[in-house]
Amino acid sequence: MDFVAGAIGGVCGVAVGYPLDTVKVKIQTEPKYRGIWHCVWDTYRQERVRGFYRGLSLPVCTVSLVSSVSFGTYHHCLAHICRFRYGSPEAKPAKPDITLSGFASGLVRVFLTSPTEVAKVRLQTQTQTQTQTQQRRPSASWPSAAPPMCPAPPACSVPGPKYRGPLHCLATVAREEGLRGLYKGSSALLFRDSHSFATYFLSYAILCEQLTPTGHSQPDVLGVLVAGGCAGVLAWAVATPMDVIKSRLQADGQGQRRYRGLLHCVVTSVREDGPRVLFKGLTLNCCRAFPVNMVVFVAYEAVLRLIRGLST
């Protein structure tokens, strides 16, 4: 039940939050943007609405699997801990149990999400270019009786986008950078997801407990909305520094490589842009996290209740 509910909740969440995720990645990896609205306007001006959904197809195809594994791993790990510590998987877990299960959930995600994150970041940050044509015109100072000019040279074309889509991006990265290229930035992703998912599930459990009406075992829909949204905001507040480093490492490779690894990327980014660079996109992450995780947890809880109702 947890795997199915997690899959449906994840798809709903990515559908809501992807455009803001694109803006977040662009702000984190491209210094030319002065802020959120500048990035939004520039993306819309150059690529219209389509620019906000670059690389969406791969996350939509994979998010059900990733979200399913995340929620399923969390609940199975929690059940095993409760069985080991309290003798029953149905026992009420303590906060350290929830934290450890969330941490395990984040670790498992990394192996599934790293290649898709690489493709997503590369597609979101590549510049859309168009073919431009130039024609040479005869000089006005030439006499009119001069022989006709040679045919104009062929149109001068600017190369189009390097990656034509998610699968082409993955194939290109694998061919040019090897298997290691598909897992570029996985160390930062590991640090990001492990402690952020521990925060995510712990804060959701605490908020649900606080928002459950007296005499009930679970919060109502409004309580789930608030708990899910706040849990998402807290998780992204914890995750943003490593998310910045992850995005920079994964985007690095479209041109001359700048970073030799996780530590070099952190040091170089802080030296060039100051400590504030580690919190680039924090406001946007938090604004995106609230509605996305409201939807994720409401869909997740609704599917769980539906499945339980059908099975009884």
Side-chain angles (χ1 to χ4, degrees), residues 1-14 17 59 62-118 120 182-209 218 224 227-243 245-246 249-250 262 285 289 292-293 295-301 303-304 307:
M1 291 191 297
D2 293 307
F3 282 99
V4 173
I8 295 173
V11 171
C12 293
V14 78
T62 58
V63 73
S64 58
L65 172 63
V66 173
S67 185
S68 171
V69 168
S70 297
F71 279 87
T73 299
Y74 167 73
H75 280 281
H76 278 273
C77 185
L78 193 61
H80 282 295
I81 290 174
C82 289
R83 182 183 292 112
F84 176 76
R85 292 191 63 187
Y86 313 116
S88 170
E90 303 299 327
K92 184 178 179 180
K95 292 179 177 60
D97 305 330
I98 296 171
T99 304
L100 183 60
S101 299
F103 190 88
S105 171
L107 290 179
V108 171
R109 282 175 57 93
V110 174
F111 301 101
L112 298 173
T113 59
S114 188
T116 61
E117 286 279 327
V118 169
K120 177 178 74 69
L182 296 176
Y183 284 88
K184 201 166 191 177
S186 58
S187 55
L189 189 61
L190 188 70
F191 283 112
R192 186 196 77 171
D193 282 357
S194 56
H195 63 277
S196 68
F197 269 81
T199 303
Y200 185 57
F201 285 111
L202 177 62
S203 57
Y204 179 72
I206 292 173
L207 288 167
C208 279
E209 187 177 343
Q218 292 178 321
V224 172
C230 291
V233 170
L234 290 171
W236 272 109
V238 171
T240 294
M242 277 299 113
D243 186 56
I245 301 304
K246 180 220 49 123
L249 287 170
Q250 291 177 335
L262 173 65
N285 275 338
V292 167
N293 289 283
V295 171
V296 168
F297 273 106
V298 163
Y300 172 77
E301 296 288 357
V303 172
L304 275 184
I307 294 175

- Message: Per the salt bridge (Lys or Arg N to Asp or Glu O under 4.0 Å) rule, what does the pair list look like for residues 227-239, sequence neighbours excluded?
- Response: none
- Query: Among all residues two or more places apart in sequence or in another chain, which pass the side-chain hydrogen bond (donor to acceptor under 3.5 Å, both in side chains) test with Tyr74?
  - Reply: none
- Message: I need the full list of side-chain hydrogen bond (donor to acceptor under 3.5 Å, both in side chains) pairs touching residues 194-203, with sequence neighbours left out, sorted by first then second residue.
- Response: Tyr200-Asn293
- Message: Would you call the rings of Phe71 and Phe297 parallel, tilted or perpendicular, taking 30° and 60° as the class edges?
- Response: perpendicular
- Message: Rounded to the nearest 0.5 Å, what separates atom CG in Leu190 from atom CZ in Phe111?
- Response: 7.0 Å
- Task: Please report the shortest heavy-atom distance between Arg83 and Pro89, naming the atom on each side.
- Result: NH2-CG, 3.7 Å
Sequence neighbours excluded and cut-off under 3.5 Å, please list the side-chain donor-acceptor pairs for residues 227-235, or say none.
none

- Task: To the nearest 0.5 Å, tell me how far Ser187 OG sits from Leu262 CG.
- Result: 4.0 Å
- Item | side-chain hydrogen bond (donor to acceptor under 3.5 Å, both in side chains) involving Glu209 - partner list, sequence neighbours excluded | none
- Sort and list the pairs that fulfil side-chain hydrogen bond (donor to acceptor under 3.5 Å, both in side chains) and have at least one residue in residues 228-239, not counting sequence neighbours. none
- Spacing of CZ belonging to Arg192 relative to CG belonging to Asp243, to within rounding of 0.5 Å: 5.0 Å
- Query: How many angstroms lie between atom SG of Cys82 and atom NZ of Lys92, to the nearest 0.5 angstrom?
  - Reply: 11.5 Å
- Query: Between NZ of Lys246 and CD of Glu117, what distance do you get to the nearest 0.5 Å?
  - Reply: 3.5 Å
- Val108: what forms a side-chain contact (heavy atoms from CB on, under 4.5 Å) with it, not counting sequence neighbours? Val69, Thr73
- Looking only at heavy atoms, the pair that brings Lys184 and Val118 closest together is O-CG2, 3.7 Å
Let me have the donor-acceptor pairs involving side chains of residues 97-106, under 3.5 Å, with sequence neighbours excluded, atom names and distances please.
unit_1 : atom_1 : unit_2 : atom_2 : d
Asp97  : OD1    : Arg85  : NH1    : 2.6
Asp97  : OD2    : Tyr86  : OH     : 2.7
Asp97  : OD2    : Ala94  : N      : 2.9
Thr99  : OG1    : Lys95  : O      : 2.9
Ser101 : OG     : Leu78  : N      : 3.3
Ser101 : OG     : Asp97  : O      : 3.0
Ser105 : OG     : Ser70  : O      : 2.9

- Message: Donor-acceptor check, side chain of Thr116 to backbone of Thr113, threshold 3.5 angstrom: yes or no?
- Response: yes
